[in-house]
Chemist: 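Dumping the structure here so I can ask a few things about it.
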Amino acid sequence: MSKPKIVVVGSSNTDMIIKSRRIPSPGETIVGGVFATAPGGKGANQAVAAARAGGDVLFVARVGRDMLGDQAVAGFEREGIDVSKIFHDSTNASGVALIMVDDAGQNSISVALGANDALSPEDVSDAADAIKNADALVVQLETPLETVERAVKLAHKNGVLVILDPAPAPGAPLPQGIIENVSVIKPNETEASQLTGIEVTDESSAARAAEKLLALGVETAIITLGANGSYVATRDGIRTMTPSRRVQAVDATAAGDAYSGALAVALAEGRSIVDAVEFATKAAALSVQKLGAQPSLATREEIEKF
Ligand code: RIB
């Protein structure tokens, strides 16, 4: 079977991580943590997750003309990702995220977007041929909304499956020009609450939020509920919960990205939504067992063995 063609439009960061027993409160200093750097950024994580899960991936992104940008691109090349549409920005530095992770694997993240914030609709148009010919397009919200909108419109118009991971949480409902061009939306509880105005805490509130997302124009809504699993609703009538996998969490960073990348590959391969969600759930569960974003992303073999 040939690999499905996946285009990811999104952010690339370098993550500076401290893992310590707990996340400090504002104004507080705590000592005793372990420091690491790792490649990250929601778009880049999803691109790497899709490549390791078996996708033929092209990544559309913007990095600075600096050492961190060069290192990130070299990393994508090692993953076999097509980097021909990664633009090098002379004005802005590469994106950087400061991440604190506690003993339970929960994190707190602050991102200086830098060049990610300059990824433009014109950059997307530059990658139009690849987007039109893809099996799936994957987007998130760590780049400007007008850029996301250009990408999803182009893909949808050309019959390409569009997967939106609406992270970081948008803070408000999304423009209709984005939402109506999305095939599959995959928010977590917080993101689903902000997108719909319905506070999502459990299966029944997730079900109500999913109905609202369907009414807004998406074909499939997958609301992830952490340890409680994923609620899936499709326009053609599926309503189901898929359980999550119990694992010992070291670092939850990029679990959602692992999920989205693997989901894109499975759906682009033509698997059913329930099979694809199970594949994605395994990829996410594997990712939380290691520290760092991209170092934690599983290969297809690891996902299938899990
Ligand atoms: O989703 C995890 C990612 O969020 C991190 O890699 C960090 O760079 C931020 O973009």
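Remember, it's 1-based here, ligands and their atoms both numbered in the order they're listed. Hydrogens, waters and symmetry mates are skipped; everything else that's a heavy atom, side chains included, is used. The first residue of the sequence shown is numbered 1, and numbering continues consecutively from there.
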Chemist: Which residue and non-hydrogen atom of the protein lie closest to atom 4 (O) of ligand 1, and at what distance in Å?
Modeler: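 Nearest neighbour among protein heavy atoms for atom 4 (O) of ligand 1, to 0.1 Å: Lys42 NZ, 3.0 Å.
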
Chemist: Please identify which atoms of ligand 1 are closer than 4.0 Å to at least one heavy atom of Ala97.
Modeler: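 Ligand 1 atoms under the 4.0 Å threshold to Ala97: 7 (C), 8 (O).
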
Chemist: Looking only at protein heavy atoms, which one is nearest to atom 2 (C) of ligand 1, and how far off is it?
Modeler: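 Checked against all protein heavy atoms, atom 2 (C) of ligand 1 sits closest to Asp257 OD2, 3.4 Å.
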
Chemist: Quick check on contacts: which atoms of ligand 1 are under 4.0 angstrom from a heavy atom of Asn45?
Modeler: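 Taking each heavy atom of Asn45 in turn, ligand 1 has 2 (C), 3 (C), 5 (C), 6 (O) under 4.0 Å.
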
Chemist: Look at ligand 1 and say whether Gly41 reaches it with a heavy atom at a distance under 4.0 Å.
Modeler: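 Yes, Gly41 has heavy atoms under 4.0 Å from ligand 1.
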
Chemist: Any nitrogen or oxygen of Ile109, side chain or backbone, less than 3.5 Å from one on ligand 1?
Modeler: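 No.
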
Chemist: Can you get from Ile223 to Ile178 by hopping between Ile, Leu, Val, Met, Phe, Trp and Tyr side chains that sit under 4.5 Å apart?
Modeler: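 Yes, Ile223 connects to Ile178 through the hydrophobic network.
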
Chemist: Looking at Asp56, Val60, Leu58, which hits side chain to side chain contact (heavy atoms under 4.5 Å, CB included) with Asp82?
Modeler: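 When Asp56, Val60, Leu58 are each tested with Asp82, the side chain to side chain contact (heavy atoms under 4.5 Å, CB included) holds only for Leu58.
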
Chemist: May I have the step-by-step check of salt bridge (charged side-chain N to carboxylate O under 4.0 Å, His left out) for Glu278 and Lys282, ending in yes or no?
Modeler: CA-CA 6 Å; Glu278 273 169 12; Lys282 289 183 195 172; over 6 Å; no

Chemist: Picking from Thr234, Leu263, Ile185, what satisfies side chain to side chain contact (heavy atoms under 4.5 Å, CB included) with Ile222?
Modeler: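 For Ile222, the side chain to side chain contact (heavy atoms under 4.5 Å, CB included) test succeeds with only one of Thr234, Leu263, Ile185, which is Leu263.
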
Chemist: Among protein heavy atoms, which lies nearest atom 5 (C) of ligand 1, and at what distance?
Modeler: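 Here the nearest protein heavy atom works out to Asp15 OD2, 3.4 Å.
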
Chemist: Nearest protein heavy-atom contact for atom 10 (O) of ligand 1: which residue, which atom, what distance?
Modeler: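 Checked against all protein heavy atoms, atom 10 (O) of ligand 1 sits closest to Glu142 OE2, 2.6 Å.
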
Chemist: Using salt bridge (Lys or Arg N to Asp or Glu O under 4.0 Å) as the criterion, point out the one residue from Arg150, Lys85, Arg62 that pairs with Asp123.
Modeler: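 Testing Asp123 for a salt bridge (Lys or Arg N to Asp or Glu O under 4.0 Å) against Arg150, Lys85, Arg62 leaves exactly one candidate, Arg62.
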
Chemist: What atoms of ligand 1 come within less than 4.0 Å of a heavy atom belonging to Ala293?
Modeler: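 Per the distance check, 6 (O).
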
Chemist: Ligand 1 and Thr253, any nitrogen or oxygen pair closer than 3.5 angstrom?
Modeler: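 In this structure, Thr253 places no N or O atom under 3.5 Å from an N or O of ligand 1.
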
Chemist: Looking at Gly40, which atoms of ligand 1 are within less than 4.0 Å of one of its heavy atoms?
Modeler: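 Those of ligand 1 that fall under 4.0 Å from Gly40 are 6 (O), 8 (O).
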
Chemist: Hey, what do you get for CG (Asp102) to CG (Asp251), rounding to the nearest 0.5 Å?
Modeler: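 The CG atom of Asp251 is 9.5 Å from CG of Asp102, to the nearest 0.5 Å.
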
Chemist: Could you point out which residue of Asp70, Asp66, Thr14 forms a side-chain hydrogen bond (donor to acceptor under 3.5 Å, both in side chains) with Ser94?
Modeler: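 When side-chain hydrogen bond (donor to acceptor under 3.5 Å, both in side chains) is applied between Ser94 and each of Asp70, Asp66, Thr14, only Asp66 qualifies.
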
Chemist: Which value, rounded to the nearest 0.5 Å, describes the distance between Lys153 atom NZ and Asn158 atom CG?
Modeler: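 Reported value, rounded in 0.5 Å steps: 14.0 Å.
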
